Number of protein chains: 2
Amino acid sequence: MRPSIKQVALEAGVSIATVSRLLNKPDSVSIDTASKVNRAIEALGFRPNFTGRNLREGRSHTVGVVVPTLSNTVFAQCLQGVEIAARQLDYSVMFTATEYRQQDEFAAVELLLAHRVDGVILTVADADASSTLDVLDRERIPYILVYNQPQQTARPSVSVDNRAAAYDAVIHLIKLGHTRIQMLAGQFHASDRALQRFHGYQQAMHEHGLQALTPIEVPRHTSAALSVAYLQTFRDPLQRPSALFCSNDLLALSAMRDLRALGLRVPDDVSVMGFDGIPLGDLMDPMLSSVAQPSEQIGEQALRALVRVIEEPQDGRAPATSQILPHTVRLGGSVRTFHSRS
Amino acid sequence: MRPSIKQVALEAGVSIATVSRLLNKPDSVSIDTASKVNRAIEALGFRPNFTGRNLREGRSHTVGVVVPTLSNTVFAQCLQGVEIAARQLDYSVMFTATEYRQQDEFAAVELLLAHRVDGVILTVADADASSTLDVLDRERIPYILVYNQPQQTARPSVSVDNRAAAYDAVIHLIKLGHTRIQMLAGQFHASDRALQRFHGYQQAMHEHGLQALTPIEVPRHTSAALSVAYLQTFRDPLQRPSALFCSNDLLALSAMRDLRALGLRVPDDVSVMGFDGIPLGDLMDPMLSSVAQPSEQIGEQALRALVRVIEEPQDGRAPATSQILPHTVRLGGSVRTFHSRS
DNA sequence: CTGAAAGCGCTAACAA
DNA sequence: TTGTTAGCGCTTTCAG
């Protein structure tokens, strides 16, 4: 077995309390006992065992992260932000994915809680109706949502204003002369963000006297196989929208590929606008227009806010503050002005 | 404080041992005590505290993962694979990134070890000369490398055959008639894989009597700013290579963007071949040619191999087995046949 | 400045 | 089948 403070104490000829003190508040131990102990630590290759400390302190200096998937760059970047900030604040990160299965959210959080993480950062399918979050609330476990932006409930979150961001994106298309704009989205039931973005789309359309079209909801996996079935209506130039607003960049990029497969050109035949602003969008040709959210920052801010709550001296009501980060409409060649065909 | 088995025992009128038994081997407790205890667990909202179990058992049912960054999809996918497999085998995942700083590898692993992870999965800058791995070896801590493919040392790893994969990619270009093929790589000192790939490139060139050109080593960050300085030589049609072999897809995609900025067309003026086979490469236009490695599988296999070692009944020499997964050359429009300009 | 001792939650002998 | 008990590594009173 690996050495514990006990062996170190023995080796140094001091008590375990002294070793512990040296580790935690080095000032409280005399200069020469310190060096004695340090020598022993060195000699034994001692490494403190956090398990013991955690058990004793009732906390783990670890936060849990639960996101749908890492296949979407957005969540990978967010996790990256969380991890970087965590490292700075001396926290570790335990990570889990749900693969967009709402029923897995609960188990994921339960596991994290069994590990006694000090708090959790998560993205759920529906932040306003989540039994998982109910548990967290009930048990007063510090948590903070990322990407989710609860409407009915006062749950702490870090996100962009999804509705406003989508609104801005659609307005941009409208200003370019588009009138037939359709939305392409993942399954709404798996993403409340997508639904909020759809509301932003609707609002923009209505405010400009335009008809909101039925959104195209594509199942997961679509991006894997080249299935252009969902774009069949696009064959007819009179039928198809002149612009497609996609609820995320992955979808937008897939759509662009599928449109090409159909023989349609972007942006000449159809303009495409995404959401997320993933870095690779800039490397496309044409560059993907998108409304960008600062994913890494979202993760970073979430971690900082979470730690703030965790280390709150009073355990009274956690401030549960929500944060809206700014989005930016990023212009690329995937969108162009629309000139009426008549 | 949250309820412990002690409160549960009290509530159910049994001993803590009985509660523990119900939790671990439910068969060893009578049917009606079981229900009594279960009722108590329910009533108290009891959740086992792994910290206690971990301390007692001397293991954590947790593995650590250390990769350079999550900004490169490849590592995100790998982590995804690790996490999925871990969940299936009842392990949790603690994650850290080094941001390609070799000097951070050590601290990352130390932190993980302080948490007493049962093993670690990692990608290091140089697997053959890593003091971090020396520590792991010396202390007999189960670990397994991903992407790294040690040459001098017999360290366990899961990867593709980097040299052979690069060789295949370059052969492909040669077969298409290219003779001036140059390699574009990240900093070799930060990635032994890149260097191995360069060796594959050299071998392919030499075997075909072609001159291996000096590789272009681009610093990190290049992809962020549009800095085409490293491609200045490409201005001269007689000077520039007809094909670019990039040590990873991110680099390839950036290069394509930068070539466009220079007014060069891919593949008409320059063919571009990547390495990794990231999913988004398929969504590009033209599709990125690349030699694909199965990243998610790499993560999954690594986790399984690691758990196998961890749960090894004998703690004798860990089998330390390395695994080479198959790569595949994926053809896309970013590469075309080369017809001599004369 | 240092030591003795209790106890965090849990599992696993060992006894009954 | 169940209970008693020791102890995993650590921090933290409380005494000295």
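Treat the numbers as computed from the prediction; the structure is a model and nothing was measured. The chains referred to below are lettered A, B, ... by the order of the sequence lines, with proteins before strands, and numbering in each begins at 1.
- Sorted by first and then second residue, the salt bridge (charged side-chain N to carboxylate O under 4.0 Å, His left out) pairs with a member in residues 43-53 of chain A read R47(A)-E110(B), R47(A)-E139(B); sequence neighbours excluded.
- Partners of F95(B) according to the ring-ring contact (aromatic ring centres under 6.0 Å, His included) rule, which considers only residues two or more places apart in sequence or in another chain, do not exist here.
- Applying the salt bridge (charged side-chain N to carboxylate O under 4.0 Å, His left out) test to E105(B) and every residue at least two apart in sequence or in another chain returns nothing.
- Residue H61(A) contributes atom NE2, which lies 12 Å from atom C1' of dC10(D) at whole-angstrom precision.
- Summary for the helix from dC1(C)-dG16(D) to dA16(C)-dT1(D): the axes at its two ends, each from 5 pairs, differ by 40° when rounded to the nearest 10 degrees.
- Legend: side chain to side chain donor-acceptor pair (under 3.5 Å) pairs involving residues 116-126 of chain B, not counting sequence neighbours, sorted by first then second residue: S60(B)-D118(B).
- Closest to the K6(A) side chain, of the nucleotides dC8(D), dC10(D), dT2(D), is dC8(D).
- For D134(A), the salt bridge (charged side-chain N to carboxylate O under 4.0 Å, His left out) partners are R155(A), not counting sequence neighbours.
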Side-chain polar contacts of residues 293-307 of chain A - donor-acceptor pairs under 3.5 angstrom, sequence neighbours left out - could you list them?
{"unit_1": "Q293(A)", "atom_1": "NE2", "unit_2": "D276(A)", "atom_2": "OD1", "d": "2.9"}
{"unit_1": "S295(A)", "atom_1": "OG", "unit_2": "Y147(A)", "atom_2": "OH", "d": "2.8"}
{"unit_1": "R304(A)", "atom_1": "NH2", "unit_2": "Q88(A)", "atom_2": "OE1", "d": "2.6"}

Pairs under 3.5 angstrom only: tabulate donor-acceptor contacts from the side chains of residues 19-26 of chain A to other protein residues two or more places apart or in another chain.
{"unit_1": "S20(A)", "atom_1": "OG", "unit_2": "N24(A)", "atom_2": "ND2", "d": "3.3"}
{"unit_1": "N24(A)", "atom_1": "ND2", "unit_2": "S20(A)", "atom_2": "O", "d": "2.8"}

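- Distance I5(B) CD1 to dT5(D) P: 15 Å, rounded to the nearest Å.
- Separating the NE2 atom of H115(B) from the P atom of dC10(D) is a distance of 14 Å, rounded to the nearest angstrom.
- In terms of heavy-atom proximity, N148(B) sits nearest to A125(B) at ND2-O, 4.4 Å.
- For the pair E11(B) and L44(B), the minimum side-chain heavy-atom distance is below 4.5 Å.
- Taking a 4.0 Å limit (strictly below) on heavy-atom distances, residues 38-50 of chain A reaches DNA chain D at F46(A), P48(A), N49(A).
- Atom CD of E42(A) is surrounded by 12 or fewer heavy atoms from other residues, nucleotides or ligands within 6.0 Å.
- Using a 4.0 Å heavy-atom distance criterion, V14(A) is classed as a sugar-phosphate-only contact.
- For R101(A), the salt bridge (charged side-chain N to carboxylate O under 4.0 Å, His left out) partners at least two apart in sequence or on another chain are E99(A), D104(A).
- Each of R116(B) and A34(B) lies near DNA chain D, and the nucleotide nearest A34(B) is the one positioned closer to the 5' end.
- In this structure a side-chain-to-backbone donor-acceptor pair under 3.5 Å is missing from E57(B) to L55(B).
- Below 30°, between 30° and 60°, or above 60°: for H61(B) and Y91(B) the angle between ring planes is between 30° and 60°, a tilted geometry.
- For L10(A) and dG9(D), the CG to P distance is 14 Å, given to the nearest whole Å.
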For this session: Please lay out, stage by stage, how E83(A) and R87(A) fare under the test salt bridge (charged side-chain N to carboxylate O under 4.0 Å, His left out).
Result: CA-CA 6 Å; E83(A) 196 276 333; R87(A) 204 158 1 115; 2.7 Å; yes
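- Of all nucleotides in DNA chain C, those with any atom nearer than 4.0 Å to a heavy atom of chain A start and finish, going 5' to 3', at dC1(C) to dG9(C).
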Show each protein N/O and nucleotides 12-16 of chain D N/O combination with a separation under 3.5 Å, one pair to a line.
{"unit_1": "dT12(D)", "atom_1": "O4'", "unit_2": "R56(A)", "atom_2": "NH2", "d": "3.1"}

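- Here the P atom of nucleotide dT1(D) and the NZ atom of K36(B) are 14 Å apart, to the nearest Å.
- For the OP1/OP2 pair of dT2(D) and a distance below 4.0 Å, the side-chain nitrogens and oxygens of S30(B) include at least one atom meeting the criterion.
- The shortest distance between the side-chain N/O atoms of T18(B) and the OP1/OP2 oxygens of dT1(D) is not below 4.0 Å.
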